[in-house]
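Contents: one structure, followed by commentary.
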Protein chains: 2
Amino acid sequence: MRVTTRLPVAERRAQLVAAALDVAVAEGIAATTIRRVAEQAGVALGVVHYCFEDKDELFVALATQIVDDLAAAASGALEFDEDADLATALQCAINGLWDTIEAARGEQLLTYEITTHALRTPGLQHVATRQYEVSHAAAEALLELASSTTGAAWMRPVSELAGEVLAIIDGVTLRWLVDGDGAAARERLSSLASYLNTQAKPARRRRKVSA
Amino acid sequence: MRVTTRLPVAERRAQLVAAALDVAVAEGIAATTIRRVAEQAGVALGVVHYCFEDKDELFVALATQIVDDLAAAASGALEFDEDADLATALQCAINGLWDTIEAARGEQLLTYEITTHALRTPGLQHVATRQYEVSHAAAEALLELASSTTGAAWMRPVSELAGEVLAIIDGVTLRWLVDGDGAAARERLSSLASYLNTQAKPARRRRKVSA
DNA sequence: GTCTATAGTTGGATAGAC
DNA sequence: GTCTATCCAACTATAGAC
């Protein structure tokens, strides 16, 4: 299935990262070999080595890509009703977030594989760190949007709450990958939303504009 | 470093599982090859194939072993003060649990690797499932012990609470593996303890036997 | 029944062709 | 500058020796 078109290196890199992502999502990090990626992209083996110094560099590119993709998908799904109170806003936001997670099982599983692989590989810790930095920023954004939309004020530092939110979403997602029980996952996240609601001072009652 | 002693297969298996665990804890699942295990145990390569049908079977034995080991360590660390209220009992239990987690970084990381590897490998899902069954049972035991010791009554099914506890511990641990911040992890778990305390009806006041 | 020696497969990397 | 052909290392598995 080889198409012999010469391509500038930047475009090749993009193509190869996309191919690597396809393989990694479907078959896991362990199966994402240089050979397999070359095959998926329809190029010769050496082409991958020409575009990436070594396997680690390809891995870093792959990880960067999916982390950004998932963050974009998650924040794209964030919408709050106007005139909702904090409790409903949070339930709604977390529910929407879960929709995007549940729609991308392979990507989520890959996320954990990337973390452990990065932690085990000398010189690749920064990949795992970045995963959390990006997620943390997204979690903070969610919390701050919820607060500013509803007028409620967090009683603890948002960064601290974001850390807790992240941990719970992580744990719930991993559990879901194992047991496949989406309803249970949603209920666990719903408890999270309720908990968060206890960590804020409610908004001063605004005039309710009802239908 | 080969010692040429013949051994009954059961003992060899045990020795090899121990060796495999050593390697896996220190170097990760990907590095835990049949060759590496044979080397670690000081036996010839083929010996491993004689004791285990294939690599997957060795993996299953390894996973079973560490799951049981960690569960035993965790429940061994569970001790409650008599005459403590639920809030302190929970804080104390979760604190102790965290001690055992923090004392075994490699084992914890391995736990996540085992999960993802099992999920990615056809026919090995049951390994991941068992991890959660064992942990879930341990979490339920913790909750029930806390309740029976302090006389408090959970207002929701213990199984449901255990699911939430598990998810949070999982998420917090994974985060700690990445950022190494044990203090932050402890604080996140402390929030969990506080949350749990809101999910129970306090004990009827018992006569306080003070010092 | 237990272990050794060897075969066969897969994968990362490179020298050099175009 | 881009890609091909080839090398070498590491791994799983097995046939057969003791």
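Per chain, numbering begins at 1; letters A, B, ... match sequence-line order.
In this structure, of dC3(C), dA13(D), dG12(C), it is dG12(C) that holds the atom nearest to the side chain of K55(A). Side-chain proximity of V9(A) to the nucleotides dT2(D), dG1(C), dA13(D) is greatest for dT2(D). Nearest nucleotide to the side chain of T33(B), out of dC11(D), dT6(D), dG11(C): dC11(D).
As a whole-Å value, the separation of R12(B) CZ from dT4(C) C1' is 13 Å. In this structure, E39(B) places its CD atom 13 Å from P of dT12(D), rounding to the nearest Å. What separates CZ of R6(B) from C1' of dG1(C) is a distance of 6 Å, to the nearest Å. The separation between I34(B) atom CD1 and dT14(D) atom P is 10 Å, rounded to whole Å. Rounded to whole Å, the distance from NE2 on H49(B) to C1' on dA7(C) is 12 Å. Put simply, CZ on R36(B) is 10 Å from P on dC11(D), counting in whole angstrom units. Atom CZ in F52(A) sits roughly 16 Å away from atom P in dT14(C) (whole-Å rounding). Rounded to an integer number of Å, the gap from CG of L16(A) to P of dT2(D) is 13 Å.
In this structure, H136(A) and Y132(A) have side chains that are not in contact, with every pair of non-hydrogen atoms separated by 4.5 Å or more.
G28(A) and R120(B) make their closest contact through CA-NE, 3.2 Å (heavy atoms, listed as atom of the first residue, atom of the second, distance).
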Next on the checklist: Assess the residue pair I168(A) and E164(B) against the criterion (side-chain contact (heavy atoms from CB on, under 4.5 Å)); give the C-alpha distance rounded to whole Å, side-chain angles, the decisive distance to 0.1 Å, and a yes or no.
Outcome noted: CA-CA 8 Å; I168(A) 294 170; E164(B) 295 177 8; over 6 Å; no

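Using modelled atom types and a 3.5 Å distance limit, the side chains of S190(A) and Q91(A) yield a donor-acceptor pair. Between Q108(B) and R105(B), the side chains place no donor N or O within less than 3.5 Å of an acceptor N or O (distance only, hydrogens not considered).
If you check distances only, the side chain of R35(B) does reach the base of dT12(D) with a donor-acceptor pair under 3.5 Å.
Taking 4.0 Å as the cut-off between side-chain N and carboxylate O, R36(A) and E39(A) count as a salt-bridged pair. Under a 4.0 Å N-O distance rule, the pair R186(A)/D99(A) qualifies as a salt bridge.
Against DNA chain D, the stretch residues 23-30 of chain B makes no heavy-atom approach under 4.0 Å.
Residue whose closest nucleotide on DNA chain D sits further toward the 5' end, between V47(A) and D54(B): V47(A). Both Y50(A) and A31(A) lie near DNA chain C, and the one whose nearest nucleotide falls closer to the 5' end is A31(A).
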